[in-house]
Amino acid sequence: MSTFAAGSLALPLADDQLQRVSDAVAGLSPTQMQWVSGYIAGLGAAPSALAAAPPEPGRTLTILYGSQTGNGEAIAGALAARSRELGFATALQSLADYRQSNLRRESLAVFVVSTHGEGDPPDDAELFHEFLLSARAPRLPDLGYAVLALGDSSYANFCQTGRELDARLEELGARRLLPAVECDVDFEADAASWSDGIIGRLPEWLDVTPPAPRLRAVGAPARFGRENPFSARVLLNQKITARDSSKDVRHIELSLEGSGLTYQPGDALAVVAGNPPQLVEQLLRYLGASAGDEVLLGQETLTLSDALTQRLEITAASTGFVRAWAVASAAADLEELLGDGRQAALGDFLHGHQVIDIIRRYPARVDAQRFVSMLRKLSPRSYSIASSQRANPDEVHLTVAAVRYKAFGSEHWGATSTHIIDRVETGETLSVYVEPNSRFRLPDDDATDIIMIGPGTGVAPFRAFVEERAERGAPGRNWLFFGDRNFSSDFLYQLEWQKHLERGSLARLDVAFSRDQEHKTYVQDRIRERGADVYEWLEGGAAIYVCGDAQRMAGDVNAALVDVVAAQAKVSRDRAEQKIRELRLGGRYRRDVY
Amino acid sequence: MADRNLTEVERIKANSRHLRGTIAESLADPLTGALAEDDTQLSKFHGFYQQDDRDVRGERKRQRLEPAYSFMIRARIPAGVCTTPQWLNMDRLARHHANGTIRLTTRQAIQLHGVIKRDLKTTIAGINASMLDTLAACGDVNRNVMAPPLPALSAMHRQVRTDAERLSAHLTPATRAYHELWLDGEKLAGADAEPIYGATYLPRKFKTAFAVPPQNDVDVFAQDLGFIAITGDGRLLGYNVTVGGGMGMSHGEPATYPRLGDVLGFCEREQLLAVAEAVITTQRDFGDRTNRKHARLKYTIEDRGLDWFRGEVASRSGTRLQKARPFAFAGTGDVYGWQKSDDGRWHYTLFVQNGRVLDAGRRRLLSGLRAIADIHRGEFRLTPNQNLIISDVAAADKARIDELLQEFGIANDDHATPLRLHSLACVALPTCALAMAESERYLPSLIDRLDEELAAVGLADEAITIRMTGCPNGCARPYIAEIGLVGKGPGTYNLYLGASFAGDRLNSLYLENADEAAIVAALGSLFARFAAERQAGERFGDFVIRSGVVREIRAGRFFHGEAADA
Ligand code: SRM
Ligand SMILES: Cc1cc2nc3c(=O)[nH]c(=O)nc-3n(C[C@H](O)[C@H](O)[C@H](O)COP(=O)(O)OP(=O)(O)OC[C@H]3O[C@@H](n4cnc5c(N)ncnc54)[C@H](O)[C@@H]3O)c2cc1C
Ligand SMILES: Cc1cc2nc3c(=O)[nH]c(=O)nc-3n(C[C@H](O)[C@H](O)[C@H](O)COP(=O)(O)O)c2cc1C
Ligand code: SF4
């Protein structure tokens, strides 16, 4: 019997907290330092004091976020910055760090929370979500709240977590100050107006007249971001699957020279790209419209082909689109799909059908203007960064799988992956910005062992991890589980892994190639085979990272880890699941799945 | 043998525990398609070579993938006797575990290419399941023993074949490692013993062949050890023993050269094993283990002299060799088409271009031979010239075989000119690691052009031996071809002329670094001169010597010029 007490768990602060602490004490004189340490010790002595610490609840805006890939965190952070600037007492916290018992004392709390998995909360909101929906949740008569839900309407359970939070808080007697806002992947505008709404009414809600605005917090925001992406020159676009492979996966190298952009292993790079011209052609033909026809997007007039190519999501379909098209086509099937209790079916439908498939299957005559109004704004795609900036100062590397497939008798293309791979020549540029992901960081302690599980393109961030740790000369051991279809054609970065093994920068590598033998084998099978060692590593404080497919892999791997713990620690499955969960909440089991 | 400067391979052999090395571990490593460095040397003794597809080498490097490693497996087939069930088994293995082709070699053996590591065991076990094996098909041991493929031709041929099989068995390594690794034989408790070879085997590969005059189809003078059948009134009396033949050399290294075997003397059938063993142990003890390029028997004999060697053999075998008996060879190569043997059975020698058995367009060799093997009651025989004999056919069944040959478009008359029928090309690219130029994939098209040149001067029916190799190692025995082409670099070859049609005279350098244009131009004009100036019945190889186009090479050590003689 053991709980994985040892190792990196020992550090109770999340990276960002640690950052804030060290910022706070930066540049203090030894004497000042002594006083501060005493002060903090004192705070520690009175447990609840820390979180409840001044500014006292009654007068404080508490901003709580649950965020997996950083969007919500960014929004929450920006909101906090603004309200602080205006001089309002503001507390910003991840739901993971938030002490549930404090909720009762809050008078004003706003929530920014995304939805992941299949309608599940992001990892950092998991416990809070569970607590709030449980019977243990306290009545909250004094609480005023507002919820910003982040989601993606191409998933069936759109903004599920946000909706649940919003409904439950009301149930518990809290006061909804603003109607919940549900953001789709193009969340900027909605998120901004929601934030404005809050800032605007803070004086009233906190009933304080704001003191004179404080100076802007130091640390200028990154020059390049979602609103103004950087044009990164493509240095290399190299296929890294062999001729006879069933897949086309590319190693992409981009130049960051002059951008001042920085990233850490675990971060993602967002790529802003246009749609496949062939698909735009097909849509024009379908609509019987011509490229030059003008359409109105919001206030802006532009040609239909520009709208379809640059601005709108024309590949992945959304619930909103299905709803609109159901009306236009009066297709009973679609109506039926949108009915209650059909979430799962709708989810599958959305995944298996692109926009073009839906309109071909359920024909309708609509004019261009009406059609574009049914479509979502084209959103950037994320790609795990596959390089360490330490090792490649002016570059960022990606591992991109081409989404090209045949369905319903015609060619299909993924918008961004094929843009990166087929439509941008080496030397030309891609619009990109860094998406920090503080939830997927290497352990702060270089001596901590890590187990990386990254089949397919899920291996990308681990190339960055291993490069980074090799550069740093980190003593911790690195163990990688990789899997794909065929050994001879799909062993991504095989030569690099072999070198890392020789040099010791990779301690172990276990591979599973599903299509090389009769019975398919996957990484989760290898994990089970290596159960004893995996468990031994965990006992020694190792951290686990999983990246790649969210549909099946993430779940299967999780199940395998539970099995390993159950078998090795000789405990019940429930107990094992509990332990795995502890690992996740303790930040020693991190996932970045898509 | 505490010799400081022994070659790396000697160290590997010595530490290999009779050829086990870490092959088992290498096979189990899932992270690479390759073997551990040392094991790639030991694998040869087990009959397979690590290779990689050189067509995609550069491409895969950029793809951050290791080379496309695969293995060439060579099945040892003494005297080239392959039953139809054995053939069908090979055909199945080729299609399931290899690149879908079967390769007949210049030593009456069969090669499979493109077998990946995790299929090695199944494939090798599969070969053994049909009572063939791969042990000692390669490596520093005695290789596949060659003998004329048609024992049925006469009682004497039958006796020679039995001798060849006896010798082959006698010289097979005794190590149990092979059975442990591939046939799940239980691990040997005590140490292995190698009565003939010893723990470090031979300094280098060793090759043996039996010839029955007048046909020199085995190229007996290219062998380390040769036995030329001597007959008196239709009976096999014994053999003239030849020693010290070999083809391999390296460009720009005059100390390396092709050499024809010397006739050592005559021995009776009873002395066969003793003499062979004496030759081999002499080479084992005196061959140069400090330099692989100087380790073949031919150099041992050049360095120490034939008389010294004769003495060693005599004392080791306890028998004096008698004076060599007279013999005469008419030619090398195979006799094509139908032949009838003294037992009234029929045999069809099928031309297999460069030994590659595959389906290509309307010429469907692989399927054709499968179809024939299905109905054929006799055996298949592999020739020393990459061809195949459908052997032991009853007169009644001839017609059916002919039909099938036509049906699959593989009969000789179907495509082959005399020049093509007398051509050999080694494997070379893309599998051979040592290739400097194309060979098997290129010679057929070059022959198209040379045939035009011959036809243009009225020599369309002239038989000339032409052999190409992708490097100077000489796997297709190019230095005893009337026209020898030896790869120098991509698209360029050294052109050698003047060997005898019977394979008992080396050829001589005529053009260096010649590309196709130069080769065709040079041979075109020589063919014209030959047509105009030849004497009655004169062979092309003899003509170029008589007319001074090239000088005659009197001995291997003069191959790079008489000056090389010290
Ligand atoms: C398949 C075959 C050629 C063919 O087209 O049929 C062949 C193919 C190879 N030979 Fe050979 N040799 C083949 C007959 C010969 C012959 C002809 C003969 O034995 O009558 C010779 C010249 C005679 C001699 O040994 O001198 C020959 C002299 C060599 C040499 C040079 C040896 C030397 O001491 O000079 C090498 C390279 C080496 O051993 O270092 C070599 C090496 C090789 C290797 C294994 C390359 C390597 O070592 O990595 C070639 C494999 C290519 C491939 O992808 O299959 N092969 N090789 C022949 C197989 C014979 C068999 O069944 O065992
Ligand atoms: C945090 C994160 C990290 C990521 N990291 C990487 C990475 O490192 N490498 C990488 O390649 N990708 C990565 N992705 C995925 C990437 O962001 C894109 O989703 C992916 O490239 C597809 O985008 P697209 O624009 O090319 O395809 P889209 O235009 O989005 O088309 C995808 C749509 O096509 C349909 N579809 C796709 N495949 C099929 C199929 N086989 N059958 C039927 N319908 C199908 C589905 O409806 C799907 O919605 C990551 C995603 C996230 C969220
Ligand atoms: C693997 C994965 C699963 C997702 N599942 C859902 C879902 O079920 N419902 C939904 O509305 N949004 C879903 N989303 C979309 C996210 O909620 C959306 O991208 C949001 O902006 C992420 O915000 P965050 O970065 O703060 O986590 C999913 C995203 C990913 C990567
Ligand atoms: S002659 Fe050279 S190229 Fe040809 S098979 Fe032999 S070793 Fe390879």
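Chain A is the first sequence line, chain B the second, and so forth, proteins listed ahead of strands; every chain is numbered from 1.
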Taken in chain and number order and not counting sequence neighbours, the residues that satisfy side-chain contact (heavy atoms from CB on, under 4.5 Å) with A/Arg472 are A/Arg390, A/Leu442, A/Asp446, A/Glu468

Sidechain N-carboxylate O distance under 4.0 Å for [X], [Y]:
X: A/Arg250; Y: A/Asp248; answer: yes
X: B/Lys13; Y: B/Glu10; answer: yes
X: A/Arg526; Y: A/Glu529; answer: yes

Whatever's closer than 4.5 Å to a heavy atom in chain B on A/Asp516 counts as both

Turns out that what part of A/Phe482 lies under 4.5 Å from chain B's heavy atoms comes down to neither

Heaviest contributor of heavy-atom pairs below 4.5 Å to chain B, chosen from A/Gln238, A/Gln517, A/His251, is A/Gln238

